[in-house]
Amino acid sequence: MQRVPCLIWMSAAVVLTAMTGCHQERTIAAAAGDAGSGTVRGELTITGSSTMAPLVAEIARRFMARHPAVRIDVQSGGSGKGIQDVRSGIADIGMSSRALQAVESDLEVFPVAVDGVALIVHRSNPVSELTPEQVVAIFTGKIRNWSAIGGPDQPISVVHKAEGRATLEVFLTHFQLRNPDVRPDVIVGDNEHAVRTVAGAPGAIGYVSIGTATADVQSGVPIRLLPLDGIPADCEAVAAGRFPMSRPLILVVRHDRRPLTDVFLRFCRSEQVDDIITAQYFVPAAR
Amino acid sequence: MSEGGAFSRPGARFDRILGAVVWLAAGGIAAVLIWITGDTLQRGLSEVDIAFLTTEPTDAGRRGGIVSVVVSTLMILAVTLTAAVPLALGTAVFLADVSARWSAAAAVVRWSLDVLAAVPSIVFGLFGNALFCVVLGLGYSILSGGLTLACMVLPVMIRTAEQALRSVPAELRMNAAALGLRRTARLWHIEFPAAVPGMAAGLVLGIGRALAETAALIFTAGYATRMPTSVMDSGRALSVHVYELAMNVPMGDRRAAATATILMILVLCITSAASSLLHRRRIFRRSEA
Amino acid sequence: MTAAAISTVTLFVVVLFLIREAFPALTSPGLHRFLTDESWHPLSNRFRMTPMAAATAATTLGALVLAVPVGVASAVFVRFYAPAAAGRAFRGLLELMAGIPSVVFGLWGLLVLVPLLAGHGHSGQHLLAAICVLALMILPVVALSAAAALNAVPESLLVAAAALGLSRPSVALRIALPAARRGIAAGILLALSRALGETMAVVMVAGNVVQFPDSLTRPVRTLTGNLALELGYAGPAHRSVLFASALMLMLAAAVSVSLARVVEGRPDE
């Protein structure tokens with residue numbers, strides 16, 4: 001009875017398996033090619049941080065334009081995923097927007113760019129700057145209304161990030177907070193999620209990547225970046241190394257990597273990609 | 001059945017009330033749907049032009065078009081349907097037509113399918129990543145993505161196909177059996193044609209779910225926006241592109257809405273094509289019999 | 001037979017995979033910690049999952065309460081009340097709705113619905129917003145499978161009922177719906193599973209604070225939302241705990257499916 005569908009299914013499986021076979025041969029051929037010859041060729045897989053994926057994908061596009069025999073696949077999925085994929089050998093390079101944990105110290109780190117983290121409020125909020133003590137008081141739930149710090153009579157809605165996120169780590173470390181002490185009203189995921197949440201709630205306060213926030217302010221999203229310790233939250237301050245709250249965007253690799261990986265890493269750390277990094281609203285890392 | 005005159009008078013008031021209720025329900029759904037799509041169209045339609053449909057994305061999707069993403073999406077869907085439809089039909093036949101000897105097995109199958117339907121899509125993504133990308137060595141590819149989605153849409157396709165087969169009138173089956181038709185012939189000529197509308201609903205739900213999936217595809221079919229040349233290439237699906245532009249790329253929301261517009265048009269085309277194909281077959285069979 | 005076996009094996013492979021990934025967490029913090037710890041802060045060694053389990057139950061049930069009556073009513077509309085063209089158009093709408101990516105629902109929820117729901121003291125991202133978005137997402141599942149089930153009720157049965165003098169509502173409610181109940185139940189079960197498993201859209205509107213859902217305007221985090229928020233960034237130990245939570249979710253699905261079976265009675269004949 002089910003013989004007909006089964007037959008179709010099996011023949012499909014056979015065809016697909018055959019295709020797989022072809023592909024593996026191609027990979028082996030490519031891998032053999034980059035051993036001795038002068039031209040750069042082969043395939044690279046890069047996975048990890050969703051913050052970095054658009055940036056590295058653009059860098060890879062330019063690299064491939066210069067070296068047509070190279071194929072680079074950039075995959076997203078989060079810093080943790082990138083680190084795990086490199087350790088297990090599925091990926092050649094991992095992207096991470098958080099620092100490595102102690103158990104992950106078997107990997108080598110190459111900073112590519114720097115990203116500042118700034119506090120944001122709704123554009124209509126008149127509060128111009130917060131002291132570190134006020135920020136801590138707000139995020140631990142001791143101050144619940146903007147009127148307590150010279151603002152309008154409006155409840156404060158604390159927009160926080162999910163545990164493990166890179167921006168959260170940067171934020172907690174800077175203000176020396178412990179995550180269990182934070183009393184959030186909303187928890188968000190990606191940067192744009194935080195921006196949209198704050199833009200939709202006049203009483204909200206959150207923290208996001210400066211690059212993301214700057215781009216959104218330019219396109220008319222009703223948010224405002226708060227200065228920190230008197231230093232304005234913009235890309236110039238981050239580039240000059242003056243802004244106190246920032247994180248490195250890093251590429252991680254194993255010690256036993258292929259030569260092609262090194263060629264690409266050198267490219268990522270050269271001036272040839274500065275314009276791409278700036279266009280994605282990040283700051284090139286110090287060399 | 002839509003002619004109210006076929007029914008007797010006394011229920012007329014009740015009829016009007018129920019009529020109002022169901023018109024309200026349907027109207028409400030239509031209104032919300034128009035609200036959602038209208039909102040998306042309003043933000044996205046100005047970005048859609050010929051160039052958008054015929055070029056590949058650049059600058060993280062902020063410039064260029066989506067042609068490679070559309071092609072990847074169609075390839076993923078093709079893999080999914082190739083794997084899932086025969087499996088779903090086979091399983092549905094087993095479940096609907098099962099002999100008493102196998103009823104315990106059928107219960108297990110049915111139960112496991114219902115549980116499978118509740119697995120969060122992100123878990124399917126990680127599972128597909130571990131099984132197809134790593135263990136089977138397919139890597140981040142359209143094939144991995146399609147097969148992962150096939151696992152995901154199996155429950156909905158099987159359950160609707162089973163219901164459709166089950167509701168084929170028993171007399172029809174018995175008559176066919178009495179005429180000496182073998183089981184295969186009976187299935188192919190009597191039960192499948194009679195069950196086609198129900199199966200079409202399942203197919204449409206399955207296609208919809210596959211095209212709408214984001215989380216599972218990020219980990220399996222991947223994120224590359226290059227034009228795919230085979231099912232072994234990594235390819236970004238439309239829904240992944242929408243998510244990426246909306247949640248991860250600053251100033252990407254107009255492009256996200258534009259991509260969502262194209263995705264909805266695609267869904268509309270594919271599902272209406274699928275259901276009209278199936279319905280035509282049914283009519284043909286009926287007039288033949 | 002073979003096909004059925006493959007379909008079933010899929011489930012067991014998925015479960016085995018989850019157990020393998022969750023194993024370290026099941027042995028080292030241990031299952032009881034998921035129930036007894038004081039909060040969910042996995043990086044500070046606190047693993048309480050019960051508020052998220054409760055939130056998952058609340059969003060799922062809430063979505064069903066909204067979606068099932070509306071979905072079934074709209075299926076009755078298609079079968080008994082709609083002029084032929086309107087019925088076809090409406091089915092087309094439902095099919096379109098089934099194919100809208102959860103991200104689009106989520107975005108609409110975040111940009112349109114949440115500001116509408118925002119009130120004094122809360123941001124509009126809360127349990128109610130999640131329920132609304134989920135209900136919209138499962139509506140086409142309920143409505144399309146109910147419509148298919150109603151369509152499959154033999155015409156002769158309905159004509160006979162009408163000939164006996166039953167009015168249209170009586171035929172619809174007393175004859176057609178009971179005759180189609182198994183198909184409708186299957187659709188509801190699918191919708192339930194879909195609501196349990198939905199990830200992206202819920203994350204975008206639920207507020208995601210880990211706490212018990214004791215009011216409709218409370219931000220809550222579901223188990224799936226937790227996976228989506230934290231899995232991509234988790235280190236090895238954290239990751240294992242998250243897989244344990246996915247396993248719990250499947251357990252919840254298994255229990256609710258079995259319960260539904262018991263309530264529904266024997267599915268066969």
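Labels below follow one simple rule: chain letters A, B, ... track the order of the sequence lines, proteins then strands, and each chain is numbered from 1. Atoms considered below: every heavy atom in the structure, side chains included; atoms not considered: hydrogens, waters and symmetry mates.
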Smallest heavy-atom separation, B/Y223 atom then A/V74 atom, equals CD2-O, 3.2 Å

Between A/T212 and B/P250 the two heavy atoms that sit nearest each other are CA-CG, 3.9 Å

Applying a strict 4.5 Å limit to non-hydrogen atoms, the region of B/D59 in contact with chain A is both

Scanning both residues in full, the closest heavy-atom pair of B/S234 with A/Q75 reads OG-NE2, 3.0 Å

Checklist entry - Is any side-chain heavy atom of B/M247 closer than 4.5 Å to a side-chain heavy atom of A/N191? => result no

Okay, A/L55 and chain B: the region with an atom under 4.5 Å from a heavy atom over there is neither

Heavy-atom closest pair (A/P54 atom, B/V249 atom, distance to 0.1 Å) is CG-CG2, 4.3 Å

Heavy-atom nearest pair, B/A224 first then A/D73, reads CB-OD1, 3.7 Å

With chain A, the option among B/N129, B/L126, B/N248, B/I218 that has the most non-hydrogen atom pairs under 4.5 Å is B/N248

- Task: Kindly indicate whether the side chain of A/I90, heavy atoms from C-beta on, has any atom under 4.5 Å from the side chain of B/V134.
- Result: yes

The interface call for B/R236 against chain A, heavy-atom contacts under 4.5 Å, is neither

Do the side chains of B/M251 and A/V221 get nearer than 4.5 Å, heavy atoms only? no

Okay, side chain of A/R196, backbone of B/A246: is any donor-acceptor separation there less than 3.5 Å? yes

message = Taking atom CZ as the centre, does A/R257 end up with more than 12 heavy-atom neighbours from other residues, nucleotides or ligands that are less than 6.0 angstrom away?
response = yes

One should read off an interatomic distance between A/I46 CD1 and B/Y140 OH, to the nearest 0.5 angstrom, of 12.0 Å

Bottom line for A/T47: the part with an atom under 4.5 Å from chain B's heavy atoms is side chain

The interface call for B/T58 against chain A, heavy-atom contacts under 4.5 Å, is both

d(A/S219 OG, B/D253 CG) to nearest 0.5 Å is 6.5 Å

Test side chain to side chain contact (heavy atoms under 4.5 Å, CB included) applied to B/D233 and A/R71, step by step
CA-CA 11 Å; B/D233 280 356; A/R71 235 186 60 147; 2.9 Å; yes

OG of A/S76 to OH of B/Y243, rounded to nearest 0.5 Å, is 8.5 Å

Correct closest heavy-atom pair for B/R62 and A/A279 would be NH2-O, 3.7 Å

Greatest number of non-hydrogen atom pairs under 4.5 angstrom with chain B, of A/A213, A/S209, A/A53, falls to A/A53

Okay, B/R226 and chain A: the region with an atom under 4.5 Å from a heavy atom over there is side chain

Rounding to 0.5 Å, atoms CD (A/E192) and CG (B/L245) come to a distance of 10.0 Å

CZ of A/R87: more than 12 outside heavy atoms within 6.0 angstrom? yes

Okay, A/Q218 and chain B: the region with an atom under 4.5 Å from a heavy atom over there is neither

